[in-house]
Visitor: 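Here it is, the structure, as structure tokens.
Proteins get letters first, then strands, A, B, ... in listed order; numbering begins at 1 in each.
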There are 2 protein chains.
Amino acid sequence: MKIKEVSERYEISSDTLRYYERIGLIPPVNRNRSGIRDYDETDLKRVEFIKCMRTAGLPLETLIEYMGLVQQGDQTIEARKRILKEQRRRLAVRMQELQQTLDILDHKIEGYENAILNKEKELREGIETKELL
Amino acid sequence: MKIKEVSERYEISSDTLRYYERIGLIPPVNRNRSGIRDYDETDLKRVEFIKCMRTAGLPLETLIEYMGLVQQGDQTIEARKRILKEQRRRLAVRMQELQQTLDILDHKIEGYENAILNKEKELREGIETKELL
DNA sequence: TCTTGACCTGGAGTTGACTCCAGGTTGTAC
DNA sequence: GTACAACCTGGAGTCAACTCCAGGTCAAGA
């Protein structure tokens with residue numbers, strides 16, 4: 001599969017795919033006789049995995065380390081597991097943070113939903129409701 | 001409250017706090033006679049809000065726009081609500097993405113938990129279990 | 001009085017992750 | 001056989017969001 005198709009399938013630009021290869025995140029992709037990249041199933045799996053992890057915000061550095069360990073074979077399984085567990089932990093924390101922010105946003109949006117009502121009340125009763133940040 | 005204390009309370013560096021002021025995210029903070037920033041309650045609320053939204057990944061540009069609207073008073077309530085709703089929507093999408101990645105990580109970790117067992121099986125039965133990415 | 005530490009400013013530098021470019025080759029369609 | 005699109009490389013440029021720095025002010029303690 002040529003780079004453009006991979007690029008479209010995973011919504012990663014060709015430039016980025018080549019970049020990932022340059023920095024050693026993905027091992028060199030096979031080429032056809034004229035030197036054009038031809039991604040095989042293994043390459044695609046790697047790209048998909050990286051896409052997924054990048055979407056979740058894992059840094060390239062960590063992924064490079066991880067992919068390097070995969071290349072080194074079975075004796076790195078423990079190390080890989082450690083990396084994944086650590087990233088899992090971070091991700092869980094991250095999700096809690098997002099959830100908190102989501103709650104606050106909901107609360108604020110609700111506040112705005114009531115804002116017009118409150119303004120009427122203000123006028124009627126001559127009080128001032130507090131500033132909505 | 002002086003900048004250092006604010007910085008510690010919200011885990012935002014003093015440089016970043018000043019930076020936020022420079023780019024117009026936070027309106028100018030009051031100074032004491034010698035020109036040193038003295039954050040009041042309103043300032044702290046703004047900082048807290050920004051901290052929370054930045055943690056969730058909202059871009060500075062959006063926050064600047066939003067904070068600008070807050071400064072302009074009640075006639076911008078609709079616009080503000082629209083911004084918050086849009087960000088809420090994005091955040092929900094983001095969380096789904098993270099959840100997906102979390103599931104995949106769990107799956108992979110489980111795969112690694114079994115990896116040693118599988119290796120024994122390989123030896124016993126002379127088969128090869130597929131590569132663990 | 002002198003030192004120390006926190007603060008100030010405007011501007012420059014850094015980081016992570018791309019993204020773009022010039023200059024060149026190749027395979028296919030007309 | 002020539003135009004065209006898609007590919008290649010190495011290197012430079014961009015972007016968001018900080019982060020650091022030089023050079024200077026100021027208040028409080030030894």
Visitor: In whole Å, what is the span from the CG atom of A:Asp15 to the P atom of C:dA22?
Guide: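 Computing the A:Asp15:CG to C:dA22:P distance gives 13 Å.
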Visitor: Between D:dA17, D:dC7, C:dA17, which one does the side chain of A:Arg54 approach most closely?
Guide: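 The answer is C:dA17, which lies nearest to the side chain.
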Visitor: Nearest whole Å is fine: how far is C:dA17 P from A:Lys51 NZ?
Guide: 15 Å
Visitor: Are A:Leu25 and A:Tyr19 packed together at the side-chain level, in the sense that at least one heavy-atom pair is separated by less than 4.5 angstrom?
Guide: no
Visitor: Between the side chains of B:Ser13 and B:Asp15, does any donor sit under 3.5 Å from an acceptor?
Guide: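 Judged by distance alone, the side chains do not pair up.
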Visitor: Is A:Arg37 near enough to D:dC7 that one of its side-chain N or O atoms lies under 4.0 angstrom from OP1 or OP2?
Guide: no
Visitor: In whole Å, I'd like the distance from the CD atom of A:Glu61 to the P atom of C:dA17.
Guide: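 Interatomic distance, CD of A:Glu61 to P of C:dA17: 8 Å.
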Visitor: Closest nucleotide of DNA chain C for B:Ile36 versus for A:Ile36: which of these residues is on the 5' side?
Guide: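 Result of the comparison: B:Ile36.
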Visitor: Near DNA chain D, counting only heavy atoms under 4.0 Å, which residues of residues 18-31 of chain A show up?
Guide: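 By residue number: A:Arg18, A:Arg22, A:Arg31.
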Visitor: For the pair B:Arg89 (side chain) and B:Val93 (backbone), establish whether a donor and an acceptor sit closer than 3.5 Å, ignoring hydrogens and angles.
Guide: no
Visitor: For the pair made of CD1 in A:Ile12 and C1' in C:dA17, what is the distance, rounded to whole Å?
Guide: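 Value for this atom pair: 13 Å.
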Visitor: Considering heavy-atom distances to DNA chain C, does A:Ser13 or A:Arg33 have its closest nucleotide positioned more toward the 5' end?
Guide: A:Ser13
Visitor: If you check every side-chain atom of B:Ser34, which of D:dC7, D:dA27, C:dA17 has the closest atom?
Guide: D:dA27
Visitor: Can you list the stems that DNA chain D is part of, where a stem is at least 3 pairs in a row, each Watson-Crick or G-U, with both distances below 3.5 Å?
Guide: C:1-30 with D:1-30
Visitor: Between D:dC18, C:dC7, C:dA17, which one does the side chain of A:Leu60 approach most closely?
Guide: C:dA17
Visitor: Once you round it to whole Å, what is the distance between P of C:dC8 and CG of B:Asn32?
Guide: 9 Å
Visitor: Are A:Arg37 and A:Glu21 ion-paired here, with the side-chain N under 4.0 Å from a carboxylate O?
Guide: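 Result for this pair is yes, salt bridge flagged.
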Visitor: Going by atom types alone, do B:Tyr66 and B:Arg80 pair a side-chain donor with an acceptor below 3.5 Å?
Guide: no
Visitor: Under a 4.0 Å N-O cut-off, is there an ion pair linking A:Asp38 with A:Arg31?
Guide: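 The answer is no: the pair does not qualify as a salt bridge.
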Visitor: Considering only heavy atoms from C-beta outward, does the side chain of B:Met53 approach that of B:Phe49 to under 4.5 Å?
Guide: yes
Visitor: For the pair B:Glu48 and B:Lys45, find out whether any cationic side-chain nitrogen is under 4.0 Å from an anionic carboxylate oxygen.
Guide: no
Visitor: Can you tell which of A:Arg82, A:Arg90, A:Arg88 makes a salt bridge (charged side-chain N to carboxylate O under 4.0 Å, His left out) with A:Glu86?
Guide: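 When salt bridge (charged side-chain N to carboxylate O under 4.0 Å, His left out) is applied between A:Glu86 and each of A:Arg82, A:Arg90, A:Arg88, only A:Arg90 qualifies.
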Visitor: Give a yes/no answer on whether the side chain of B:Thr16 brings an N or O atom under 4.0 Å of OP1 or OP2 in D:dT19.
Guide: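 So the side chain of B:Thr16 is within the cut-off, an N or O lying under 4.0 Å from OP1 or OP2 of D:dT19.
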Visitor: Take atom NZ of B:Lys4 and atom C1' of C:dC7, then tell me their distance rounded to the nearest Å.
Guide: 11 Å
